[in-house]
Peer 1: 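If you scroll down you'll find the structure; I have some questions about it.
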Amino acid sequence: VDTGVWYNGTNNFNQVSEFFFTATQNPNWLNWNVTGVPFTSGHTYYIKSRATDKAGNVETTFTVGVNTNTFVFDNTVPQVAITLPSLPRYSNLPVVSGTSTDNVAPTAVKLRVWNANASAFWDPTTPKTSPTFNKNASDPTAWYTVQTSNNWAVWQDTFPANFYSNGVSYSFDAEAFDAASNVSTIAYATFTYTVSSPTAYVTLPSSAIIQGLAGISGTASGLNGANVSDVQISVQRLSDKKWFDGADFNNPGVTWRHHATLAGSAPFGWTYNELTTPKLTDGTSYYIQAQATDDAGNVQTDFSVGTETFTFDIDQPTATVVIPAQNGYFKSGTLSTLSGTAADTTSTATKVQIQIQRLSDNNFWQDSTPLNPAGAGTWVSGGPQWITMSTFTAGTWKYVLQNESLWSHNTSYYVWSMATDLPGNVQSNFVVGTSSNLFTYDTQFPTATITNYYTLGDLVAKGYSPMA
């Protein structure tokens, strides 16, 4: 009909006017049929049948629905697609939607829902607020017709949040039908429903006290297979509770800053480079928290783990020499232990080293095991010999000698002490009388002499009473 040509009875539509041809009869023409007509899908056709009896009378009256019919030939299956869900994970999916097409006209789109945990399809006769998943793949009652407002070109269905369970994977299966009963292939869309928030962790700085900051870094992980799609960082200066805005600590409220890099796989690694050493204040503490977002849209709200607090410390610690005292003189048996203290303004001193110099030849004392001193050794030339104190507790250090044989009579010595603090700042200033003391070792008794004397008679002569 839509091309205006008629079938010629021999496999072609090439007649410009109505053309009758003889059908194949079934005994006595009670039934007839025609085969091999090259119908083309999507075209409209008009069929007219005309009978002739044995007397040669030819049928001339034609009634629609009796001996004339019009129909559309369609052997093309419709197409169906699911446009939502389109992502691997969702934390909220109230609408499932898609499209369908057909060369003539789609008549319906049906859907079924698979629950991976239940290994079954949803029974659509049960409510969406408390769904039952008990249908198998061969059960046609798992399919139900969805909604459309434009003849199935676009279709959709709605689902409440309590239709889904956290951590469960779902598959939506869709198929389309047309007026000729052609059925599309099944379209699938699978996703995991997750409402579990991801967590970001600060791993650098990793120390409570630091002396420099090149950047901040950490890791982040999602739950239920979710990938981390974003990490933001906020840093607070604890001295005034101000938050870092990218330039300085100016903001009174939490200020989130974007990560510099986010890469890898779970646990994902991230970096943040805006905050560095020049923007920190010595002796001040800072609080860092990181916030992760996953590819389902879940945003971290719990910061009970993964945060970091640190103190910036570039002050040098100070070690003092208490024994021997500055300008002191020590006799034999009084100088078998050297001792002192060490402290730091911001953190704590973690190491003390000392060196001893003999002024008579400027040689230095070398302990036989300087990293774990034994209190024995020898004098060497060539420069300072630092000895690390193994006895250093509660801010006090001691260097215990096996004996006093290293000291020589009437010889002066210098003792220096040098401290290192927790973040690694090393003392470089040695004040005489505090961190460096001079003393002299003296083992011989003094000698007293009488340069003049008086007899008792001389004293009496001078008027002194014998009793006096």
Side-chain angles (χ1 to χ4, degrees), residues 316-345 347-422 424-456 459:
Q316 293 184 6
T318 300
T320 66
V321 179
V322 176
I323 297 175
Q326 170 67 5
N327 292 326
Y329 288 83
F330 294 84
K331 67 180 182 178
S332 177
T334 62
L335 197 58
S336 59
T337 299
L338 283 64
S339 63
T341 64
D344 185 65
T345 302
S347 59
T348 57
T350 58
K351 182 172 73 173
V352 172
Q353 296 170 287
I354 68 169
Q355 63 174 325
I356 306 169
Q357 184 182 27
R358 185 169 61 192
L359 298 188
S360 61
D361 56 8
N362 289 324
N363 283 349
F364 289 86
W365 175 249
Q366 183 184 66
D367 194 278
S368 57
T369 54
L371 297 180
N372 186 24
T378 187
W379 292 97
V380 296
S381 61
Q385 299 290 320
W386 289 104
I387 305 168
T388 300
M389 297 297 96
S390 57
T391 305
F392 175 52
T393 56
T396 301
W397 63 265
K398 289 183 180 180
Y399 181 48
V400 180
L401 299 170
Q402 291 186 6
N403 53 60
E404 296 185 6
S405 61
L406 76 163
W407 311 126
S408 298
H409 170 63
N410 198 28
T411 303
S412 295
Y413 302 86
Y414 260 121
V415 178
W416 285 271
S417 60
M418 179 175 68
T420 302
D421 67 13
L422 185 61
N425 297 302
V426 180
Q427 178 180 353
S428 61
N429 187 27
F430 305 95
V431 177
V432 174
T434 301
S435 298
S436 61
N437 285 357
L438 173 68
F439 73 96
T440 301
Y441 190 68
D442 181 5
T443 62
Q444 294 184 8
F445 295 104
T447 301
T449 61
I450 299 174
T451 59
N452 199 1
Y453 65 91
Y454 296 94
T455 65
L456 180 60
L459 294 174

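Basis for what follows: all heavy atoms, side chains included, without hydrogens, waters or symmetry-related copies. Only a predicted model underlies this, so the values are computations on that prediction, with no experimental measurement involved.
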Peer 1: Looking at every non-hydrogen atom in both residues, tell me the closest pair between P370 and P373 and how far apart they are.
Peer 2: O-CD, 4.0 Å
Peer 1: Between S347 and D344, do the side chains contain an N or O donor and an N or O acceptor separated by less than 3.5 Å?
Peer 2: yes
Peer 1: Do M418 and I354 have side chains that approach each other closer than 4.5 Å (heavy atoms only, starting at C-beta)?
Peer 2: no
Peer 1: Can you check whether L335's main-chain N or O pairs, donor with acceptor, with W407's side chain at less than 3.5 Å?
Peer 2: yes
Peer 1: Looking only at heavy atoms, which two atoms of I356 and W379 are closest? And how far apart?
Peer 2: O-CZ3, 3.6 Å
Peer 1: Starting at OG1 of T378, measure out to CG of L406 and round the result to the nearest 0.5 Å.
Peer 2: 10.0 Å
Peer 1: Are T350 and F392 side-chain neighbours, meaning at least one heavy-atom pair lies under 4.5 Å?
Peer 2: no
Peer 1: Any side-chain heavy atom of S436 sitting closer than 4.5 Å to one from V321?
Peer 2: no
Peer 1: What heavy-atom pair brings A343 and A349 nearest, and what distance separates the two atoms?
Peer 2: N-CB, 4.1 Å
Peer 1: Please report whether the ring centroid of F439 lies less than 6.0 Å from that of Y413.
Peer 2: yes
Peer 1: Can you measure from CH2 (W386) to CZ (F364) and round to the nearest 0.5 angstrom?
Peer 2: 9.0 Å
Peer 1: Side chains of Q357 and Q355: does their closest heavy-atom pair fall under 4.5 Å?
Peer 2: no
Peer 1: Write down the atom of T443, the atom of S332, and the distance for their closest heavy-atom approach.
Peer 2: CG2-CB, 3.9 Å
Peer 1: Checking the side chain of Q353 only, and the main-chain atoms of I387 only, is there a donor and an acceptor separated by less than 3.5 Å?
Peer 2: no
Peer 1: Given side chains that start at C-beta, do those of L401 and L338 come closer than 4.5 Å, heavy atoms only?
Peer 2: yes
Peer 1: Checking side-chain polar atoms at under 3.5 Å, does T434 have a donor or acceptor matched by the opposite partner on T320?
Peer 2: no
Peer 1: Just by distance, do the side chain of N372 and the backbone of A374 share a donor-acceptor pair under 3.5 Å?
Peer 2: no
Peer 1: Restricting to non-hydrogen atoms, name the atom on T440 and the atom on S412 that form the minimum distance, rounded to 0.1 Å.
Peer 2: OG1-OG, 2.8 Å
Peer 1: Please step through side chain to side chain contact (heavy atoms under 4.5 Å, CB included) for the pair T318 and S435, ending with a clear verdict.
Peer 2: CA-CA 7 Å; T318 300; S435 298; 3.8 Å; yes
Peer 1: First locate atom CZ of F330, then atom CG of D442, and finally report the distance between them rounded to the nearest 0.5 Å.
Peer 2: 12.0 Å
Peer 1: Taking side chain as C-beta onward, heavy atoms only, is V415 less than 4.5 Å from Y399?
Peer 2: no
Peer 1: First locate atom CG of D367, then atom CE of M389, and finally report the distance between them rounded to the nearest 0.5 Å.
Peer 2: 7.5 Å
Peer 1: Does G333 offer a backbone N or O that forms a donor-acceptor pair with the side chain of E404 under 3.5 Å?
Peer 2: yes
Peer 1: Please examine the side chains of T411 and L359, heavy atoms only from C-beta on, and report whether any two atoms are closer than 4.5 Å.
Peer 2: no
Peer 1: Does any non-hydrogen side-chain atom of P317 lie less than 4.5 Å from one of N425?
Peer 2: yes
Peer 1: Are S405 and N403 close enough that a side-chain donor and a side-chain acceptor fall under 3.5 Å?
Peer 2: yes
Peer 1: So, does S368 use its side chain to make a donor-acceptor pair with the main chain of A376 at under 3.5 Å?
Peer 2: yes
Peer 1: Has Q427 got a side-chain atom pairing as donor or acceptor with A319's backbone, closer than 3.5 angstrom?
Peer 2: yes
Peer 1: What distance do L371 atom CG and T388 atom OG1 have between them, rounded to the nearest 0.5 Å?
Peer 2: 5.0 Å
Peer 1: Ignoring hydrogens and angles, tell me if any N or O in the side chain of D421 forms a donor-acceptor pair with the backbone of Q316 under 3.5 Å.
Peer 2: no
